[in-house]
Amino acid sequence: MSYPVLTRLRGGVAHLRLNRPTKLNVIDVEMAEGIRDAVEIALSEPTTRVILLSGEGRSFAAGGDLSSFRAAEDKSALANSIIGPIHQALKRLVEAPAITLCAVQGNVAGAGVSIAAFADLAIAADNATFNLAYARVATSPDCGASWSLPRLLGTRKALELALLSDTIYADEALRLGLVNRVVPTADLLTSAEQTADRLASHAPAALAHTKLLMRQAFDTTAAEHLDAEQLAFAACAATEDFSQALEAFFQKRPVTFRGR
């Protein structure tokens with residue numbers, strides 16, 4: 001039996017891998033539900049600190065499965081059946097303390113771009129190409145693109161990519177801030193796993209509070225945000241991990257954070 005999303009939990013990292021390689025990981029109902037279920041499995045494990053999203057084969061995700069839309073009698077109902085589960089997963093990811101890291105390669109289109117932009121961090125292979133593509137098929141964006149891209153790129157550039165649907169390459173995606181890093185294609189998975197392991201080695205309270213503060217930054221006043229920073233720092237300072245980090249700093253030794 002072939003599973004639409006492969007899930008592996010290891011050392012604080014939940015690796016979720018899209019698994020329709022012969023179809024360039026285009027998203028149909030089964031995969032959308034698989035993404036939702038895999039996210040729930042990952043977040044139900046209390047040791048999960050990082051969720052790594054990647055795609056099997058030549059492409060991370062080449063958008064929605066247009067062939068299924070072509071065959072559907074009720075295309076609007078099908079849209080809801082695909083988008084609904086993915087949006088459930090994305091809501092869980094953005095609210096969860098775990099850090100989401102996306103590793104993308106090859107043709108990244110439509111929902112593939114949206115998911116990569118929605119993640120906390122993204123690494124691209126040097127063969128990656130990005131195209132929002134929604135305008136090409138007469139739809140508006142989904143999977144958070146219209147929320148995340150203005151924040152990452154600015155409203156003008158986000159509108160340009162959405163309305164014109166031009167293809168951009170990995171180096172341009174890096175320059176714009178769509179991805180954090182570009183690596184050789186052969187090194188993508190290794191680099192992503194190493195980054196995930198580095199993140200998972202940090203104190204989980206620090207990761208969670210930093211993520212929350214950054215995600216809220218555009219929705220609070222400066223005064224409100226200063227108060228939130230103070231509360232977050234004080235909460236981190238109350239953890240055993242903070243005390244252990246102080247001792248390790250002054251003793252010039254490494255520290256293992258235990259999430260306490």
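FYI, the numbering just counts along the sequence from 1. These numbers were taken from a predicted model, which means no experiment stands behind them.
- Residues V13 and A200 share a closest heavy-atom pair of CG2-CB, 3.9 Å.
- Between D65 and R20 there is a salt bridge, since a side-chain N of the basic residue sits under 4.0 Å from a carboxylate O of the acidic one.
- By the 6.0 Å contact criterion, CZ on R156 is open, its count of non-hydrogen atoms from other residues, nucleotides or ligands being 12 or less.
- Rounded to the nearest 0.5 angstrom, F242 CZ and F233 CZ are separated by 5.0 Å.
- Within a 6.0 Å sphere centred on CD of Q230, other residues, nucleotides and ligands contribute 12 heavy atoms or fewer.
- A side-chain contact (heavy atoms from CB on, under 4.5 Å) with L174 is found for one member of N180, I123, V182 and no other, namely V182.
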Could you walk me through whether S201 and R49 pass side chain to side chain donor-acceptor pair (under 3.5 Å), step by step? CA-CA 9 Å; S201 72; R49 301 183 186 182; over 6 Å; no
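- A donor-acceptor contact shorter than 3.5 Å links the side chain of N131 to the backbone of S165.
- At a cut-off of 3.5 Å, with distance as the only test, no side-chain donor of D28 or S68 sits close to an acceptor on the other residue.
- The line from CZ of F60 to CG of L18 is 5.0 Å long, rounded to the nearest 0.5 Å.
- Within a 6.0 Å sphere centred on NZ of K75, other residues, nucleotides and ligands contribute more than 12 heavy atoms.
- Dense packing is recorded around CZ of R215, with more than 12 heavy atoms of other residues, nucleotides or ligands lying under 6.0 Å away.
- E193 and R8 are joined by a salt bridge, as a carboxylate oxygen and a charged side-chain nitrogen come within less than 4.0 angstrom of each other.
- Using modelled atom types, one side-chain atom of S81 and one backbone atom of A77 make a donor-acceptor pair closer than 3.5 Å.
- Counting heavy atoms from C-beta on, the side chains of P141 and W147 never come closer than 4.5 Å.
- A distance of 14.5 Å separates CZ in R151 from CE in M214, rounded to the nearest 0.5 Å.
- Judged purely by atom type and a 3.5 angstrom limit, Y169 has no side-chain atom pairing as donor or acceptor with the backbone of N127.
- Side-chain contact check for N19 versus V5: every heavy-atom pair is 4.5 Å or farther apart.
- Residue F69 places its CZ atom among more than 12 non-hydrogen atoms of other residues, nucleotides or ligands, all under 6.0 Å distant.
- Heavy atoms only, all atoms of each residue included: T48 and A42 are closest at OG1-O, 2.8 Å.
- For L178 against L153, the heavy-atom pair with the smallest separation is N-CD2, 4.0 Å.
- Using a 4.5 Å cut-off between side-chain heavy atoms of Ile, Leu, Val, Met, Phe, Trp and Tyr, with links allowed through other members, V113 and I168 fall into the same hydrophobic cluster.
- The side chain to side chain donor-acceptor pair (under 3.5 Å) analysis of residues 94-110, with sequence neighbours excluded, yields no pairs.
- Within the model, atoms NZ of K91 and CD1 of I86 stand 12.5 Å from one another, a figure rounded to the nearest 0.5 Å.
- Sparse packing is recorded around NZ of K23, with 12 or fewer heavy atoms of other residues, nucleotides or ligands lying under 6.0 Å away.
- When the salt bridge (Lys or Arg N to Asp or Glu O under 4.0 Å) test is applied to R92, the partners found at least two apart in sequence or on another chain are E40.
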Where do D166 and R136 land on the salt bridge (charged side-chain N to carboxylate O under 4.0 Å, His left out) test, with the steps shown first? CA-CA 10 Å; D166 289 332; R136 293 188 177 189; 5.6 Å; no
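- Hydrophobic clustering (ILVMFWY, side-chain heavy atoms < 4.5 Å, transitive): L188 and V179 are in distinct clusters.
- Under the 4.5 Å side-chain criterion, counting only non-hydrogen atoms from C-beta, L43 is in contact with I51.
- The same ILVMFWY cluster, assembled from side-chain heavy atoms under 4.5 Å apart, contains both V104 and L152.
- The side-chain heavy atoms of P97 and K211, taken from C-beta on, include no pair separated by under 4.5 Å.
- The shortest non-hydrogen separation linking L101 to A196 is CD2-N, 3.9 Å.
- Between D197 and R10, some side-chain heavy-atom pair lies under the 4.5 Å cut-off.
- Listed for the T239 side chain is a donor-acceptor partner under 3.5 Å among the backbone atoms of C236.
- Taking the side chain as every heavy atom from C-beta outward, V108 and T129 never approach each other to under 4.5 Å.
- Put simply, OG on S54 and CG on L52 are 5.5 Å apart, with the number rounded to the nearest 0.5 Å.
- In this structure, A173 and F130 approach most closely via the heavy-atom pair CB-CE1, 3.6 Å.
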CA sep, side-chain torsions, deciding dist, call: T7, H15, side chain to side chain donor-acceptor pair (under 3.5 Å): CA-CA 6 Å; T7 304; H15 189 171; over 6 Å; no
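- Panel note: side chain E45, backbone T47; a donor-acceptor pair is recorded below 3.5 Å.
- Using a 4.5 Å heavy-atom cutoff, the side chains of D126 and V183 are not in contact.
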Apply side chain to side chain contact (heavy atoms under 4.5 Å, CB included) to L6 and L16, showing your working. CA-CA 6 Å; L6 305 176; L16 313 184; over 6 Å; no
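- Each of I99, D120, V39 was checked for a side-chain contact (heavy atoms from CB on, under 4.5 Å) with L93, and the lone residue meeting it is V39.
- At a threshold of 4.5 Å between non-hydrogen side-chain atoms, the residues F118 and C102 do not count as touching.
- Atom CG of residue L132 and atom CG of residue L163 lie 9.5 Å apart, to the nearest 0.5 angstrom.
- Contact record, S59 with N25: O-ND2, 2.7 Å, taken as the closest heavy-atom pair.
- Side-chain N or O atoms of S44 include one that pairs as donor or acceptor with a backbone N or O of I41 at under 3.5 Å.
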